[in-house]
Amino acid sequence: QVQLVESGGGSVQAGGSLRLSCAVSGLTYSSYCMGWFRQVPGKEREGAAIVDSDGRTIYTESVKGRFTISKDNAKNTVYLEMNSLKPEDTAMYYCAADSRRAMAWWLLRNPIQFTWRGQGTQVTVS
């Protein structure tokens, strides 16, 4: 059974930082595209960042230079380091995984297509 469990969300002032963590179990996540997307009530999901099985990272334009995605294969954990946070970053953040390793850019633009996702962690920037 695949499980993705996020943690690290919270409330922070604009300009602050947070680090989200995603503990992964039930799949060899090093062989998968792992990503983070976010969603605000009433709006579509927005892909934020993806790290593919080769460790390559891609970001949506609005977070580029501020967010960093990484993974620790030994700990089966994916991270999203978020710096210079803005009020518009306020959202529920979800960790997600997909086995279609060649589809990273497509998944970033269509995060609803991720096969697995966690329950989310709330990030509020004021």
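All values reported here derive from a predicted model rather than from experimental measurement.
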Legend entry - CG-OG1 distance between N83 and T68, expressed to the nearest 0.5 angstrom: 6.5 Å
Inset, instruction - Quick one: list whatever passes salt bridge (Lys or Arg N to Asp or Glu O under 4.0 Å) with R19, sequence neighbours left out. - result: none
Inset, instruction - Going by the side chain to side chain contact (heavy atoms under 4.5 Å, CB included) test, name the single residue among V2, V78, L27 that passes it with Y32. - result: L27
Legend entry - Audit row: L85, L18, side chain to side chain contact (heavy atoms under 4.5 Å, CB included) steps and yes/no: CA-CA 8 Å; L85 282 162; L18 283 172; 4.2 Å; yes
Inset, instruction - Determine, stepwise, if the pair M82 / S17 fulfils side chain to side chain contact (heavy atoms under 4.5 Å, CB included). - result: CA-CA 5 Å; M82 305 186 296; S17 299; over 6 Å; no
Legend entry - Nearest atoms (heavy-atom pairs only) where R101 meets S31: CD-O, 2.6 Å
Inset, instruction - Please list all pairs passing the salt bridge (Lys or Arg N to Asp or Glu O under 4.0 Å) test where one or both residues lie in residues 62-79, with sequence neighbours left out. - result: E61-K64, R66-D89
Legend entry - Atom pair SG (C95) and CD (E6), whose distance is rounded to the nearest 0.5 Å: 5.5 Å
Inset, instruction - Enter the distance from S7:OG to L20:CG here, rounded to the nearest 0.5 Å. - result: 8.0 Å
Legend entry - Pairwise ring pair (Phe, Tyr, Trp, His ring centres under 6.0 Å) hits with a residue in residues 57-98, at least two apart: F37-Y94
Inset, instruction - Considering non-hydrogen atoms only, spot the tightest contact between L4 and C22 and give its length. - result: CB-SG, 3.9 Å
Legend entry - Side chain proximity check, V24 to T77, heavy atoms < 4.5 angstrom: no
Would you be so kind as to tabulate the donor-acceptor pairs closer than 3.5 Å made by side chains of residues 39-51, with sequence neighbours excluded?
from	atom 1	to	atom 2	distance (Å)
Q39	NE2	K43	O	3.1
E46	OE1	R38	NE	2.7
E46	OE1	R38	NH2	3.0

Determine all donor-acceptor pairs shorter than 3.5 Å in which one atom belongs to a side chain in residues 105-119; sequence neighbours excluded.
from	atom 1	to	atom 2	distance (Å)
N110	ND2	W106	O	3.0
T115	OG1	D98	OD2	2.7

Legend entry - With C33 via disulfide bond (SG atoms under 2.5 Å apart) - residues at least two apart: none
Legend entry - Side-chain (Q13) to main-chain (S126) donor-acceptor, under 3.5 angstrom: no
